[in-house]
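Worksheet: the structure to be examined is printed underneath.
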Amino acid sequence: MTNLGDLEIFAKVVSTGSMSLAGRALGFSPAVVSKRIKRLEDRLGTRLLQRTTRQISLTEAGQGFYDRVLGILAGIEEAEYYISGRSAQMQGTLKVTAPTSFGRTHVAPHLKSFMDMHSGLAINLVLSDEFTDIVGEGFDLAIRIAELTDSSLVARRLAPVRRLLCASPDYLAANGTPQVLDDLKHHRCLPAHNNDAWRLEGPEGLLSLRPQGMLVTNSSEVVREAVISGLGIALRSTWDISRELKDGRLVHILPAYEGSSNVTLSAVYPSRQFLPSKVRLFIDFLAEVYGPVPYWER
């Protein structure tokens, strides 16, 4: 009978496209991974993978085998999920990455509730505003606030994201309040930390505007503090500034324009077909915490 571990290694090699990345994720050396794949191929009497110096791809037989292996692994995972759901004892470590500000304000405060429900589960939360290769760096999932493009990863939408143009009352008193979008050319704007263009939706539809400003930073939190202090105008998410809008430290301007609704809060993970129970539980938990109308919008 084929070793179940060999099937897991095979599936990980296919999903990562690399012996070394698969080994890193599973705790094996590339040499061990290669040996286990060869053992599996020898047992089956057929080549499953085409190997070159640059990439690994499935043979025709390998593709059919992979499709069926995913079903087997998913069935085992489902059985374990059933048992873990009954016992409420999830074990292991969940490795998660999230944007710095969002992770600090809207993930960290909820960890106690989740970990109280699953006391055997440890969490490794890494906060970063830079793009993270979740497969290459061994993350179970990433929380992303972005306009997601097609990829080999799977995304589950957790909540909508509203982004508003805003400024402090002091800035507007000193510089005037923009009445039309073209007025922004005459104001100090605070670009996002990655200097991307502002993608806005308004009466004219979807448009792109590249703001000009005197501040350059790699930190979204610096942009947040700069707009609150009166340095200029920024496009900020309501999850980040809802309190300041309510207490008057920031003013919503040009309300006919908001950030593109294609930007969402999502959980991103490598594969739908072999989703570990710990990942499914955490995603379900966050989806319930945020809800279709997030608490920061209420």
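The shown structure was predicted, so the numbers you read here are calculated from the model rather than taken from an experiment.
Ser266 and Thr264 are linked by a side-chain donor-acceptor pair at a separation below 3.5 angstrom, with hydrogens and angles left out of the test. There is no side-chain donor-acceptor pair under 3.5 Å between Thr217 and Ser219. Under 3.5 Å, the side chains of Gln50 and Ser57 contain no donor-acceptor pair of N or O atoms.
Among residues two or more places apart in sequence or in another chain, the side chain to side chain donor-acceptor pair (under 3.5 Å) test is passed with Thr93 by none. Remark: Tyr295 engages His106, His110 in a ring pair (Phe, Tyr, Trp, His ring centres under 6.0 Å) (not counting sequence neighbours). With sequence neighbours left out, Arg243 forms a side chain to side chain donor-acceptor pair (under 3.5 Å) with no residue at all. Every residue meeting the salt bridge (charged side-chain N to carboxylate O under 4.0 Å, His left out) condition with Arg156, not counting sequence neighbours, appears here in chain and number order: Asp284. For Phe28, the ring pair (Phe, Tyr, Trp, His ring centres under 6.0 Å) test picks out no residue, with sequence neighbours left out. Residues forming a side chain to side chain donor-acceptor pair (under 3.5 Å) with Glu201 (at least two apart in sequence, or on another chain): Ser261. In this structure, Lys246 has no side chain to side chain donor-acceptor pair (under 3.5 Å) partners at least two apart in sequence or on a different chain. The salt bridge (charged side-chain N to carboxylate O under 4.0 Å, His left out) check on Arg163 picks up nothing, with sequence neighbours excluded. With sequence neighbours excluded, the residues that form a salt bridge (charged side-chain N to carboxylate O under 4.0 Å, His left out) with Arg162 are Glu258, Glu297.
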message: Test side-chain hydrogen bond (donor to acceptor under 3.5 Å, both in side chains) on Ser20 and Ser18; report intermediate values, then the result.
response: CA-CA 5 Å; Ser20 59; Ser18 164; 2.9 Å; yes

task: Just do the side chain to side chain contact (heavy atoms under 4.5 Å, CB included) check on Arg224 and Ser101 with the steps written out, would you?
output: CA-CA 10 Å; Arg224 179 183 187 278; Ser101 295; 5.6 Å; no

Margin query: Set out, in order, the CA-CA distance, both residues' side-chain angles and the distance that settles side chain to side chain contact (heavy atoms under 4.5 Å, CB included) for Leu26 and Ile9, then state yes or no.
Written below: CA-CA 8 Å; Leu26 296 171; Ile9 291 172; 3.8 Å; yes

Report the C-alpha separation of Asp129 and Asn218 in whole Å, then their side-chain angles, then the decisive distance to 0.1 Å, and conclude whether the side chain to side chain contact (heavy atoms under 4.5 Å, CB included) test is met.
CA-CA 8 Å; Asp129 290 328; Asn218 69 341; over 6 Å; no

Can you check side chain to side chain contact (heavy atoms under 4.5 Å, CB included) on Thr59 and Glu41, steps first, answer last? CA-CA 12 Å; Thr59 63; Glu41 290 178 327; over 6 Å; no

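Here Leu21 is tied to no hydrophobic group at all, with no ILVMFWY side chain closer than 4.5 Å. Val251 belongs to a hydrophobic cluster whose other members, connected by ILVMFWY side-chain contacts under 4.5 Å either directly or through intermediates, are Leu165, Tyr171, Leu172, Leu181, Leu184, Trp198, Leu200, Leu207, Leu209, Ile233, Leu235, Ile253, Leu254, Tyr257.
Arg144 has its side chain within reach of Phe131: a pair of non-hydrogen atoms, C-beta onward, lies under 4.5 Å apart. Proximity of Thr100 to Ser220: side-chain heavy atoms (C-beta onward) are nowhere separated by under 4.5 Å. Side-chain contact between Val107 and Val96 is absent, with no heavy atoms from C-beta onward closer than 4.5 Å. By the 4.5 Å heavy-atom criterion applied to side chains, Leu141 and Ile134 are not counted as neighbours. Residues Asp183 and Thr177 form no side-chain contact, since every pair of their non-hydrogen atoms from C-beta on lies 4.5 Å or further apart. By the 4.5 Å heavy-atom criterion applied to side chains, Phe10 and Leu49 are counted as neighbours. Contact check for Phe114 versus Val289: no side-chain heavy atoms found under the 4.5 Å cut-off. In this structure, the side chains of Leu265 and Trp239 stay at 4.5 Å or more apart for every pair of heavy atoms.
Between the CG atom of Leu121 and the CZ atom of Phe282 there is a distance of 9.0 Å, given to the nearest 0.5 Å. With rounding to the nearest 0.5 angstrom, the CG atom of Leu190 is 11.5 Å from the CE atom of Met214. Note that CG of Asp140 is 8.5 Å distant from NZ of Lys95, once rounded to the nearest 0.5 Å. Taking CG of Leu127 as the reference point, atom CZ of Arg104 lies at 9.0 Å (rounded to 0.5 Å). To the nearest 0.5 Å, atoms CZ (Arg68) and CD1 (Ile72) are separated by 9.5 Å. Between the CD1 atom in Ile228 and the CG atom in Asp240 there is a gap of 7.5 Å [rounded to 0.5 Å].
Salt-bridge annotation for Arg236 and Glu244: absent, with no side-chain N of the basic residue lying under 4.0 Å from a carboxylate O of the acidic one.
Listed here is the closest heavy atom pair of Val223 and Ala234: CG1-CB, 4.4 Å. Listed here is the closest heavy atom pair of Met19 and Val13: SD-CG2, 4.3 Å. Of all heavy-atom pairs between Ala197 and Ser208, the closest is CB-OG, 3.4 Å. Cys166 approaches Leu250 most closely through the heavy-atom pair SG-CD1, 4.1 Å. For Arg188 against Leu231, the heavy-atom pair with the smallest separation is NE-O, 2.8 Å. Listed here is the closest heavy atom pair of Leu125 and Ala98: CD1-CB, 4.4 Å.
Annotation for Glu204: atom CD counts as buried by contact number, over 12 foreign heavy atoms lying within 6.0 Å.
Taking the six-membered ring for Trp and thresholds of 30 and 60 degrees, Trp296 and Phe102 have ring planes more than 60 degrees apart, a perpendicular arrangement.
Under the 4.5 Å side-chain heavy-atom criterion for ILVMFWY residues, a single connected hydrophobic cluster contains both Leu44 and Leu7. By the rule that hydrophobic residues join a cluster once side-chain heavy atoms approach within less than 4.5 Å of another member, Leu48 and Val32 end up as members of one cluster.
Within the structure, side chain to side chain donor-acceptor pair (under 3.5 Å) contacts touching residues 23-37 (residues at least two apart or in different chains) are Asp6-Arg36.
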